[in-house]
Amino acid sequence: MLEKLLKSKKCFKLVLGAGNEDTKSIEKLMKVYYEAGCRFFDLCMDENVAQKAKEICPDAILCFSYGIKDDPHTVKAQINPSKCTGCLNCEETCIQNAIKNGCIDEQKCLGCQKCVSACHNKAIQTYSKTKNLKEILPKILPYKPQCIELHAISDNDTEVENNWNYISENYNGIISLCVDRSIIGDKGVIKRIKKLIEKRKPYTTIIQADGNPMSGGKDDWQTTLQSVAMAEIIQKNNLPVYLLLSGGTNSKTKELANLCNIDLNGISIGSYARKIVKPYIEQENFLENKELFNQAVKIAKELINSTYV
Ligand code: SF4
Ligand code: SF4
């Protein structure tokens, strides 16, 4: 089913967040986007999340994401109370509503670091929260994922390869590698991809070309530019992989990719997809209120349709 979707070149993936363990928001987002036509969901590699996702959309295509140490998707934020003046800038900035009363809810925090930039007192630090892949992967496999994603934005080749090899040896489905060029540069990215796909069959790997991870708050050309540029670098190398775009993706991404002659299999959207339905899903009794729910679905549908142009 996933291969068919990728081959259709109209693959839309909703990214719920590699670090998002907040099952309440996951439920609302999955229900809205499923109703709007999305069938492919990218979730945190966590047992509770997997169980919930299977309950919500039993026939959806599930991808579980794992981030290696220091990859931006494993980052969590923390407030130092001794430096905090209680100005609430961070609370207002956090799209996840993860900050309340001077504390950050680790389960909700995605590590986007927008709060860090918003704090003029340097009161917010970050840390990397990683899981043990050998412990978590066997717990996820019974939920029959159709894709496992490795977030590998790091210069630690050994760490990347060890995790990749473990997934390859223990999982038979499609594996997605999420990479950007911020740390290892254009040549480094291609070298890494070639090495990792060497022993895999052609078209059993997705390369998720990440522009600026978790940067997709705005719906403009600039925000999505890096994701398209990253895709262009991958495409030039003519690799036997499926190509998805992420990291700053929005309703302009497909149009820009078309203008640049990028032949995509699909687009993964996280921050922007979550942001546009946020005013609706935050309201009380959202799931029971048909009118509100349908308004959110309409907005989600427009975004999905923008990736089909
Ligand atoms: S922005 Fe900084 S100082 Fe203001 S409430 Fe947040 S952590 Fe405290
Ligand atoms: S702004 Fe981003 S990093 Fe900060 S608490 Fe919210 S989700 Fe976490």
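First listed ligand is number 1; within each ligand, the first listed atom is number 1. Reckoned from all heavy atoms, side chains included, excluding hydrogens, waters and symmetry mates.
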Out of all atoms in ligand 2, which are within 4.0 Å of some heavy atom of [X]? Include the element for each.
X: G111; value: 3 (S), 8 (Fe)
X: Q113; value: 2 (Fe), 3 (S)
X: C109; value: 3 (S), 5 (S), 7 (S), 8 (Fe)
X: L110; value: 7 (S), 8 (Fe)

- Message: Between Y66 and K131 (side chain of the first, backbone of the second, donor and acceptor by atom type, cut-off under 3.5 Å), is there such a pair?
- Response: yes
- Message: Quick one, Y203 with Y242, criterion ring pair (Phe, Tyr, Trp, His ring centres under 6.0 Å). Give me CA distance, side-chain angles, the key distance, then yes/no.
- Response: CA-CA 6 Å; Y203 297 98; Y242 294 115; 5.3 Å; yes
- Task: Would you indicate whether the side-chain heavy atoms of C11 and L244 approach each other to under 4.5 Å?
- Result: yes
- Item | Close side-chain approach of W164 to E169, heavy-atom, < 4.5 Å | no
Just need the protein heavy atom nearest to [atom], so name the residue and atom and give the distance.
atom: atom 4 (Fe) of ligand 2; value: C115 SG, 2.3 Å
atom: atom 2 (Fe) of ligand 2; value: C112 SG, 2.3 Å
atom: atom 7 (S) of ligand 1; value: I124 CG1, 3.7 Å

- Answer yes or no for C87: is there an N/O/S atom below the 2.8 Å cut-off from atom 4 (Fe) of ligand 1? yes
- Query: Would one find an N, O or S atom of C94, in either backbone or side chain, under 2.8 Å from atom 6 (Fe) of ligand 2?
  - Reply: yes
- ligand 1 versus N121: contacting region, heavy-atom distance under 4.0 Å: side chain
- Classify the contact between L88 and ligand 1 as side chain, backbone, both or neither, using a heavy-atom distance cut-off of under 4.0 Å. backbone
- Query: Between atom 8 (Fe) of ligand 1 and C90, is there an N, O or S atom separated by less than 2.8 Å?
  - Reply: no
